[in-house]
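Let me begin by presenting the structure, written as structure tokens, before commenting on it.
The model shown is predicted, which means the values in this text are computed figures rather than measured ones. Proteins come first, then strands; the chains are lettered A, B, ... in the order of their sequence lines, and each starts at number 1.
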Amino acid sequence: MSQKEKLVVIGNGMAGVNTVEHILKLAPNQFDITIFGSEPHPNYNRILLSYVLAGDSKVDDIVINSYEWYEEHGISLYTGETITEINTEGKTVTSDKGTSVSYDKLIISTGSDPFMLPLPGADKEGVIAYRTIQDCEYMMEAAKNYKKAVVIGGGLLGLEAARGFLNLGMKVDVVHICDAIMERQLDRTASKMLQDSLEEQGMNFLLSKQTEKILGKKRVTGLKFADGSKVDADLVVMAVGIRPNIQLAKDSGIEVNRGIVVNDYLETNVEDVFAVGECAEHRGIGYGLVAPLFEQGAVLAKKIADVDTAPYEGSVVYTKLKVSGVDVFSGGDFNDAKDTKAIKIEDEFSGIYKKVVVRDNKIVGAVLFGDTSDGNRLMQMIRNETDITGFEKSAILQEPGANAGGGSSVADMSDDEIICGCNGVSKGAICSAIKEQGLTSVEEVKNCTTASRSCGGCKPLVSDLLEYTLGDEFDKSAQKETMCECTDLEKDEIVVQIKEKGLSHVREVMSVLGWKNEEGCSKCRPAINYYLGMVHPEQYQDDSTSRFVNERMHANIQKDGTYSVVPRMYGGVTNPTDLKKIATVAEKYNVPKVKITGGQRIDLLGVKKEDLTNMWEELDMPSGYAYGKAVRTVKTCVGEEFCRFGTADSMGMGIQIEKRFERLNTPAKVKMAVSGCPRNCAESGIKDLGVVAIDGGWELYAGGNGGVKLRKGDLVATVKTEEEVIEYTEAYLQYYRETGVYGERTSEWVDRLGVQHIQDILLDEEKREELCARMDTALSVLKDPWKEAVESEKIQKDLYEVIEAK
Amino acid sequence: MGNLKGDNSWVEVAKYDDLPVNSGKTVRFKDKELAVFRLTSGKILAIENRCPHKDGVLAEGIVSGEYVFCPLHDRKIDLTSGLVQLPDTGCVETFDVSVEDGKVYIALLEKSEIAAVK
């Protein structure tokens, strides 16, 4: 057997390692591979650094290829070593630590460095770039001690850094030299919309500002601009652009311009030396986005593995991303010019803006803001220079034939095209995973390929690819909201089966209904347990092992493994005796934090598992269920007892409601409120059920939500008496319990069923009575879980004991 | 297997019957904290009680077959190998377990400690 060829890669980033991955697939045993990287990490996904900064991911989470991966593929990896010399004659490379390796083929993928403005004071402490894990770690550390950051650069990177600072609790100013942010990717209208949206999130923009000087003695204290104005800063991040890393290539006699010059096969002017990614310059263009880098890598891998390949002829660049939760897209020539006309939609209500630029009856560019679902189809039309002479102009911005349209646009995409920009997953990779592994849902594709895992913006495309790949086999019904991967059934089907077959245990449901995982998972088990309890309130024996930790422990788990204890405080009304009791217990058990909750009660935070039952015993108060998919609190305003505006006894009404429904399990948490007049001091408009006193009666509002998705409650009934408030609430909550999907808040449920439908049910006397009767049964069996735990040694031992082994 | 009681590398942690089925139990030993699980199959498995993601306490996770789901962010962890399941990555330490005379023993002592105990 002939000796393996030696392949050396300089640069352990996404471009180089992605190329190696392709080569390993094409020619598994052909090369002895060595990779050098300056950073002390395996290959990681630089695009996701903002998630690390935002605290959503840890450094380990964004590693693409772990050390084990290198080992498995027999790749020699030198991290923390920088190549300082390439000898193209003798075909060797040498590192700063003296390691010397010879090569047959050499790939340069040194990427780029952030461009640091050569400002006076740029060398002060606290002035950094935003490019590497190290920068990220520095920023997170700085956030602990400093309050105010300034980001220079209003491009994508700058905005991501700024968003990160907001998440870290810092104030942040974004300084930009132009008068519009992200001006290279967005037109004026979209740029302004993005700016408005980011300002709402708390960013402050200083536009048309040219930084002249960085102020401060040793550490930065502020910036001075060319117009003479100043701004304070404890930390300055420069995110004004990148510069291809070409010094090494230049010193080694390889032709460089702005980047390392490569031809259509990514070859440099020196034989057997290639360049790929941000350090390369192809036909005069250097790319800084991930999609072109993957396209180059695919061509280069074929070239090196000696597989026929079409030349790389450049990438048509488009941007499709989520900036701080906002979807934006742009492609082609999207700025208006003298010889162009545009088709536009601007919807200020929904925050949606779409523009298609047309020149000589051909689509040449597009910008989308807020809704980017047209993006791929428009990009295709831009690439194909589609003539739109015969088109109904206003129809260009709508998906032609809503269903078929989605499918056809992914069909036209090439296999190399990147679907998930965050994780670099191509159409080809997704399609082959669907075929080879028999995937049938977006969830499965996500778990298998990581596509759509980070920002989720490409989920519609992944769904289109499923439809496109599976064709007739694509079961639309498989896209229904199945509970989890363990089953193809959805909630209604499961509940029907539980009733029809008389199923009575979680395990029984899973085995009779053909669960794919015998023991289910963390998604379906709690759901089944809820449905069983809802269907058979009197007979069902709750399965605590199928409860999520909080509901099993009857306390809310905190990030450090301690718990929080919230005793019931009906209607937010307490008294000195209870307050003293809470204070005594908090002192006795050294509770580190005592807080008033949003639901008008007291939260004892940081309690050790083994202290829980003793505390409950001494508190001798019922559980507030501040941890469960259950009725939580009824918030009240002062009402007529004291308030000079009050028209009804809101506290009394709230206490009655809370006493009636406490401990009731529901599909998701239920928060309620009673206000004594339409001033609505208890915020009844954003509760799952909000009650508002009006002159001579009460209004009931359904489906309000003050959480992730703000939703104003809908008026579903107006009643006269307190008894009727209880009666309608019983019917409403019971209907929600019976028809809600586990995990679905009333806000989503009301939207799904329609306000009118819920109103019809509540106003139908016969239906209301039936619902109330079933609610009666459900409420009749509930017991206080804290008391149960205090009285049962078995529960204490099974759930709360910690064994100290010796 | 010989008599574990006399072998100092094994530490007795609980009676087998005292461990609740399909649940985890927190066990502390010196500076270590373990999650010990009695599975529906009857098998006992022990791992370090800290999820590699954000230090979630695994003893309180939902147990399914030979896996546990971290209660904080739902990472799925193989109790036998300690490996976090895809698409997440990471690994927790696992410990050898043995049941003898209705008692559960876990291999907890490092070799140097055994010498010291003797």
Side-chain angles (χ1 to χ4, degrees), chain A residues 55-58 60-66 68-69 423 446-451 453 486 506-507 510 515 517-526 529 543-550 552-553 555 557-563 608-610 794-795 797-806, chain B residues 10-15 18-30 32-36 38-41 49-76 83-91 104-106 108-109:
Chain A
D56 295 338
S57 302
K58 281 210 292 196
D60 288 350
D61 296 337
I62 66 168
V63 168
I64 306 174
N65 304 91
S66 62
E68 290 81 33
W69 177 85
N423 298 300
K446 179 178 94 181
N447 289 338
C448 187
T449 67
T450 71
R453 186 183 161 186
C486 304
V506 175
R507 292 184 68 84
M510 297 191 294
W515 244 240
N517 297 325
E518 198 186 339
E519 297 199 7
C521 72
S522 55
K523 289 197 183 71
C524 58
R525 289 243 307 273
N529 185 54
D543 172 17
S544 77
T545 69
S546 293
R547 289 265 187 187
F548 174 64
V549 51
N550 290 352
R552 183 174 350 113
M553 305 296 284
I557 196 164
Q558 307 296 314
K559 66 180 200 179
D560 60 353
T562 64
Y563 291 84
K608 290 196 219 73
K609 173 165 83 168
E610 52 271 40
K794 178 160 170 55
I795 294 180
K797 190 166 170 55
D798 282 356
L799 293 179
Y800 303 98
E801 176 195 55
V802 171
I803 295 175
E804 303 280 355
K806 289 191 186 74
Chain B
W10 293 88
V11 175
E12 180 188 333
V13 297
K15 286 199 190 114
D18 283 351
L19 294 175
V21 180
N22 218 16
S23 303
K25 181 71 105 181
T26 310
V27 173
R28 295 202 189 110
F29 179 76
K30 296 191 174 166
K32 282 194 177 81
E33 190 170 305
L34 278 66
V36 179
R38 175 167 162 191
L39 310 180
T40 23
S41 63
N49 194 22
R50 286 282 174 265
C51 177
H53 176 225
K54 296 208 169 176
D55 293 343
V57 283
L58 300 169
E60 265 77 60
I62 288 182
V63 186
S64 164
E66 302 207 341
Y67 299 93
V68 66
F69 292 86
C70 174
L72 290 196
H73 306 95
D74 213 29
R75 293 290 196 270
K76 184 179 180 183
L83 284 176
V84 177
Q85 300 298 291
L86 290 172
D88 302 303
T89 53
C91 180
V104 177
Y105 295 83
I106 299 182
L108 275 171
L109 288 183

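- With a 4.5 angstrom heavy-atom cutoff, A/E804 touches chain B via backbone and side-chain atoms both.
- Among the candidates B/V13, B/D55, B/T40, the residue making the largest number of heavy-atom pairs closer than 4.5 Å to chain A is B/T40.
- A donor-acceptor pair is defined here as one N or O able to donate and one able to accept, closer than 3.5 Å; such a pair exists between the side chain of B/S64 and the backbone of A/G520.
- For a residue to count as touching a neighbouring chain, one of its non-hydrogen atoms must lie under 4.5 Å from one of that chain's; by this rule B/N49 does not touch chain A.
- In this structure, the portion of A/S546 lying under 4.5 Å from any heavy atom of chain B is its backbone and not its side chain.
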Item to check | Test log, rule side-chain contact (heavy atoms from CB on, under 4.5 Å), inputs A/E519 and B/N22 | outcome: CA-CA 10 Å; A/E519 297 199 7; B/N22 218 16; 3.7 Å; yes
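- For A/E801, the parts sitting under 4.5 Å from any heavy atom of chain B are the backbone and the side chain alike.
- Under the side chain to side chain contact (heavy atoms under 4.5 Å, CB included) criterion, B/L83 pairs with B/S81, B/Q85, B/C91, not counting sequence neighbours.
- Looking only at side-chain heavy atoms (C-beta outward), B/V57 and A/I557 come within less than 4.5 Å of each other.
- Chain A forms more heavy-atom pairs under 4.5 Å with one residue of B/V21, B/V27, B/I106 than with any other, namely B/V27.
- With a 4.5 Å cut-off on side-chain heavy atoms, A/V802 and B/E33 do not count as touching.
- Contacts of A/K806 with chain B are made by backbone atoms alone, with heavy-atom separations under 4.5 Å and no side-chain atom involved.
- B/F69 places none of its side-chain heavy atoms less than 4.5 Å from the side chain of A/R525.
- Between chain A and the residues B/L86, B/L19, B/T26, B/V68, the most heavy-atom pairs under 4.5 angstrom are made by B/T26.
- Interface remark: B/V36 contributes no atoms to any contact with chain A (heavy atom separation under 4.5 Å).
- With a 4.5 Å cut-off on non-hydrogen atoms, A/R507 touches chain B through its side chain but not through its backbone.
- The number of heavy atoms from other shown groups lying within 6.0 Å of CD (A/E610) is above 12.
- Of the inter-residue distances, the one linking A/I803 atom CD1 with B/D18 atom CG reads 8.0 Å to the nearest 0.5 angstrom.
- A/L799 CG to B/E60 CD: the interatomic distance, rounded to the nearest 0.5 Å, is 8.5 Å.
- Of the atoms belonging to B/V63, it is backbone heavy atoms, and not side-chain ones, that fall under 4.5 Å from chain A.
- Contacts of B/S41 classified as side chain to side chain donor-acceptor pair (under 3.5 Å), with partners at least two apart in sequence or in another chain: none.
- Closest approach of A/K523 to B/D74, counting heavy atoms only: NZ-OD2, 4.0 Å.
- Summarising the geometry, atom CD1 belonging to A/I64 is positioned 11.5 Å from atom OG1 belonging to B/T89; distances are rounded to the nearest 0.5 Å.
- The candidate with the highest count of non-hydrogen atom pairs below 4.5 Å against chain A, out of B/K76, B/R28, B/R50, is B/R28.
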